[in-house]
Amino acid sequence: MEENQKTSKRPFGFLRDFLERPENDVLKVMGLLFFFSLIGVACLYFPAKAKFLTGGSAAGWHVFAVGFFLIGASTLTGGFIGFLFGVPRKRLDEQGTSNSRYTPNTNLEQISDWLTKIIVGVSLVQAKEIASAVEGIGEKAGPAIAEGNTGEIIAIAIVIHYLFLGFIQGFLLAYLWLPGAFRRANPSSAQNS
């Protein structure tokens with residue numbers, strides 16, 4: 001009781017308590033991802049406001065529309081890649097066999113493993129081409145956001161920002177959600193392991 005009173009008297013004590021509890025880790029990560037997503041959207045406000053002032057409301061909304069299309073495409077692409085990297089593997093016993101009577105199809109694991117290796121290999125070999133593809137997106141989408149190099153920089157920043165956020169979201173989805181989904185889909189496996 002006394003501990004709770006001390007916590008409530010400290011400025012932002014409730015926040016410190018929330019951050020120190022390990023059971024809140026998933027909520028903390030989700031909160032950070034949401035915060036970084038909002039930062040990206042908030043950054044669209046400034047070029048949109050400039051277009052509102054110079055070209056009217058339709059031009060301002062156009063900036064938001066282009067930005068949200070870039071956000072969606074980048075998040076989905078990064079999320080797919082992150083999902084592939086995060087797909088869990090089924091645990092095997094010492095003999096290398098599954099210790100459950102019924103083993104779910106592991107094609108997703110194999111495909112994830114192959115595609116992850118291919119993506120890493122291609123990314124290392126084709127880094128210049130990937131950079132020029134992102135630059136090409138900036139060249140095409142940039143003028144819809146702002147004039148000159150400013151629009152290109154904003155478009156490239158949006159793509160990179162949301163590729164990484166999407167990757168983290170996809171990875172965490174696969175890593176944190178799939179094992180439980182597999183256990184719920186195959187309860188006999190969870191009992192035998």
Side-chain angles (χ1 to χ4, degrees), residues 22-41 43 66-142 152-193:
E23 63 269 15
N24 294 332
D25 286 346
V26 172
L27 288 175
K28 288 182 253 184
V29 170
M30 289 173 55
L32 277 173
L33 290 173
F34 183 72
F35 175 72
F36 286 123
S37 293
L38 286 180
I39 286 175
V41 171
C43 289
V66 170
F68 282 123
F69 275 110
L70 286 174
I71 287 169
S74 299
T75 303
L76 284 174
T77 303
F80 175 71
I81 295 169
F83 185 83
L84 291 176
F85 275 76
V87 171
R89 293 183 179 199
K90 186 159 180 67
R91 195 178 316 188
L92 303 176
D93 61 14
E94 291 82 24
Q95 289 82 26
T97 58
S98 173
N99 50 7
S100 66
R101 283 178 264 174
Y102 169 75
T103 305
N105 189 334
T106 59
N107 288 343
L108 182 61
E109 289 176 35
Q110 293 171 0
I111 291 169
S112 168
D113 194 36
W114 295 334
L115 286 176
T116 300
K117 290 174 184 171
I118 289 169
I119 289 169
V120 169
V122 169
S123 298
L124 293 173
V125 174
Q126 303 291 331
K128 287 183 182 178
E129 285 76 7
I130 293 171
S132 21
V134 171
E135 189 177 322
I137 292 171
E139 289 172 0
K140 288 187 171 105
E152 291 179 27
I153 292 168
I154 293 170
I156 290 170
I158 288 171
V159 168
I160 293 171
H161 181 86
Y162 284 98
L163 273 173
F164 282 113
L165 277 179
F167 178 87
I168 294 167
Q169 291 169 350
F171 179 85
L172 289 175
L173 174 71
Y175 190 77
L176 297 175
W177 177 73
L178 275 182
F182 288 155
R183 280 192 300 276
R184 287 188 298 277
N186 186 14
S188 64
S189 171
Q191 293 170 354
N192 294 330
S193 54

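Given the structure is predicted, the values throughout are model-derived calculations rather than measurements. Values reported hereafter were calculated over all heavy atoms of this structure, with side chains retained and with hydrogens, waters and symmetry mates removed.
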Do Ser74 and Phe164 make a side-chain contact, defined as non-hydrogen atoms from C-beta onward lying under 4.5 Å apart?
no
Taking all non-hydrogen atoms of both residues into account, name the closest pair between Val66 and Ala141 and its distance.
CG1-O, 4.1 Å
Does some side-chain heavy atom of Phe68 sit less than 4.5 Å from a side-chain heavy atom of Val41?
yes
Are any non-hydrogen side-chain atoms of Leu38 and Phe34 less than 4.5 angstrom apart?
yes
Taking all non-hydrogen atoms of both residues, which atom of Ile156 and which atom of Val134 are closest, and how far apart?
CG1-O, 3.7 Å
Could you state the interatomic distance from CD1 (Ile119) to CZ (Phe85), rounded to the nearest 0.5 Å?
5.5 Å
Taking all atoms of both residues into account, what is the closest heavy-atom pair of Ser123 and Ile130, and its distance?
CA-CD1, 3.7 Å
Output yes when a side-chain donor or acceptor of Tyr162 lies under 3.5 Å from a complementary backbone atom of Ser37, and no otherwise.
yes
Rounded to the nearest 0.5 Å, what separates atom CG in Leu70 from atom CG in Leu163?
10.0 Å
With a 4.5 Å cut-off on side-chain heavy atoms, are Cys43 and Ile154 touching?
no
Sub-4.5 Å side-chain heavy-atom contact between Leu33 and Leu165
yes
Measure the spacing between CG of Leu32 and CZ of Phe36 and express it to the nearest 0.5 Å.
5.5 Å
Any chance you could measure Leu115, atom CG, to Phe83, atom CZ, to the nearest 0.5 Å?
12.0 Å
Does Ile71 offer a backbone N or O that forms a donor-acceptor pair with the side chain of His161 under 3.5 Å?
no
